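Notes follow the structure.
Fair warning: this is a prediction, and the values are worked out from it, not measured in the lab. Reminder, nothing fancy here: chain letters follow the sequence lines and each chain counts from 1.
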Protein chains: 2
Amino acid sequence: MENLYFDIKVNAALYSKDPQSSALGKKILKQGILMLESLGYEDFTFKKLGKEIGSNESSIYRYFDSKHTLLVYLVNWYWSWTEYRLVLSTHSMVDPKRKLEKALSILTEPVRVDQRFDYIDEEVLYQIIIAESSKAYHTKDVDAENEKGFYRTYKRVVQRVSDMVLLINPDFEFPHMLISTVIEGVHHQRYFSKHLPSLTDFEEGKNNIVRFYKDLVFKTIQ
Amino acid sequence: MENLYFDIKVNAALYSKDPQSSALGKKILKQGILMLESLGYEDFTFKKLGKEIGSNESSIYRYFDSKHTLLVYLVNWYWSWTEYRLVLSTHSMVDPKRKLEKALSILTEPVRVDQRFDYIDEEVLYQIIIAESSKAYHTKDVDAENEKGFYRTYKRVVQRVSDMVLLINPDFEFPHMLISTVIEGVHHQRYFSKHLPSLTDFEEGKNNIVRFYKDLVFKTIQ
DNA sequence: GCAAATATAATAGTATTACTATCATTATTT
DNA sequence: AAATAATGATAGTAATACTATTATATTTGC
């Protein structure tokens, strides 16, 4: 059953064969997300994934060069999707403060499933973003990969929200630092709340992470 | 030549044999730091380290169970050392704002070499902290390792500085989030400034990272 | 409906990793 | 000088992260 209206564009340098273009490719993405989350990046292998989807390791390699590029692909998918949601929900807004507030909601609130992509479980993908995404760029190859555009979507999201900050206060000196701090911070706080809670002030159902970062942003840019 | 007056205490669960207790152990630490930094965590191996120090892989395993515990050891050493500097430079201060300011200096300014530990190059270690330390806790074993106290020194530093925040504003709701956000944020910004500069507003010699985070903290807690 | 083209599966193989185990050698202590 | 402890050398194992080759389906174009 096909229920999607469009694809999320991901940098073609990240795959040998577009996984969104075939049934096997989509199975790799779907089950890859579930296994990456359950096993963790280190224990995840293409061999295990192949077994799980009744396919062969060598077939997966025809889509992705390595599990590293699969991770980067997923991170990119996430940021493309986030950029899409960001643009969609803020483009018609005129009041700069409301606009930024909305953008911060998208960056700080937990993710909910988007029915349009049945081969991506966005909630599970979000867990991967929280726990593993920093491994995408903490590599000795960052610079080479950056040149190939591996982190372009992430940078674009930061740029867009930074621009919203400048709309409110054009003299604010550090919009990129502020927004990348919020993005990475949210992921850390969600990870810590599960595993190292004394590093946070998380309380179930009290929305502290969202409240904390929104408040921090508006106070900082004044 | 022995020029140290005391050792930095590191959780004994992190080693099989205390590396600070022997010449070989110190060589493992010293050269381990240099190689971890130059090769990166993924490409670093005990075999390569053994070759470099003219020793055997198996000898290194007698000190550390795995390269993961070596990394966690170094991260712990760093936080113990930072806690020591923190306490030393703030304990006599009475004005809460100056006290917090000083603490933030220690957390945000680049690290300088401490002559007392000739087997630790703190500046290189700091590069490891920036580029690799998040891998210490982004593991499937976090919870088990947390129970063994692998992250205790980090948590203690966060707690100490959070307490300083509460000294200024006892009603501030999120001191731990704030301080862990600053700590992780600084590392990210220093990493980004080298590899993904468009995510920052770093400018050489302008102290932007320090200024940004100090300003952010004081504005947020008011 | 069949051949050609394409995609996938199966198998095998390689160098490296992350260890463990055993035994030999060298230092240190008593 | 003997005992003890530390280190080094060697070998071995299961798994990883691939690459290469060949075989078998499946799709498509005519």
Separation of [N] [atom2] from [X] [atom1] (nearest whole Å):
X       : N      : atom1 : atom2 : result
A/Leu70 : D/dC18 : CG    : P     : 12 Å
A/Lys27 : C/dA9  : NZ    : P     : 7 Å
A/Lys51 : D/dA15 : NZ    : C1'   : 13 Å
B/Asp65 : C/dA18 : CG    : C1'   : 12 Å
A/Ile28 : C/dA7  : CD1   : P     : 13 Å
B/Lys26 : D/dA6  : NZ    : C1'   : 16 Å
A/Glu42 : C/dT17 : CD    : C1'   : 14 Å
B/Ile53 : D/dA9  : CD1   : P     : 12 Å

Among [options], the nucleotide that comes nearest once only the side chain of [X] is considered:
X       : options                : answer
B/Asn56 : D/dT10, D/dC18, C/dT8  : D/dT10
A/Lys48 : D/dT16, C/dT20, D/dA17 : D/dT16
B/Thr45 : D/dA17, C/dT17, D/dC18 : C/dT17
B/Glu57 : D/dA17, C/dA10, C/dC19 : C/dC19
A/Leu24 : D/dT7, D/dT16, C/dT8   : C/dT8

statement: Comparing nearest nucleotides in DNA chain D, the 5'-proximal residue of the pair A/Lys47, B/Ala23 is B/Ala23
Does [N] have OP1 or OP2 under 4.0 Å away from a side-chain N or O of [X]?
X       : N     : answer
B/Ser55 : D/dG8 : yes
B/Ser22 : D/dA6 : no
B/Ser58 : D/dG8 : no
B/Lys17 : D/dT7 : yes
A/Tyr63 : C/dT8 : yes

- prompt: Looking at B/Phe44, does the NZ or CZ of B/Lys67 lie under 6.0 angstrom from its six-membered ring centre and within 45 degrees of the ring axis?
  reply: no
- request: Run the numbers on A/Tyr137 and B/His188 for side chain to side chain contact (heavy atoms under 4.5 Å, CB included), then give the verdict.
  value: CA-CA 11 Å; A/Tyr137 54 76; B/His188 275 111; 3.4 Å; yes
- request: If the plane angle is over 60° it's perpendicular, under 30° parallel, otherwise tilted; pick one for B/His187 and B/Trp79.
  value: tilted
- prompt: In terms of the angle between their ring planes, are B/His195 and B/Tyr191 parallel, tilted or perpendicular, with boundaries placed at 30° and 60°?
  reply: tilted
query: Which one of B/Val161, B/Val186, B/Val210 satisfies the side chain to side chain contact (heavy atoms under 4.5 Å, CB included) criterion with B/Leu107?
result: B/Val161
- prompt: A/Thr153 and A/Arg156: side chain to side chain donor-acceptor pair (under 3.5 Å), yes or no, with the steps?
  reply: CA-CA 5 Å; A/Thr153 46; A/Arg156 220 156 52 203; 5.9 Å; no
query: Base, sugar-phosphate alone, or nothing: which one does B/Phe46 contact when heavy atoms must sit under 4.0 Å apart?
result: nothing
task: Quick one: label B/Gly54 by what it contacts on the DNA or RNA (base, sugar-phosphate, nothing), any heavy atom closer than 4.0 Å.
output: sugar-phosphate
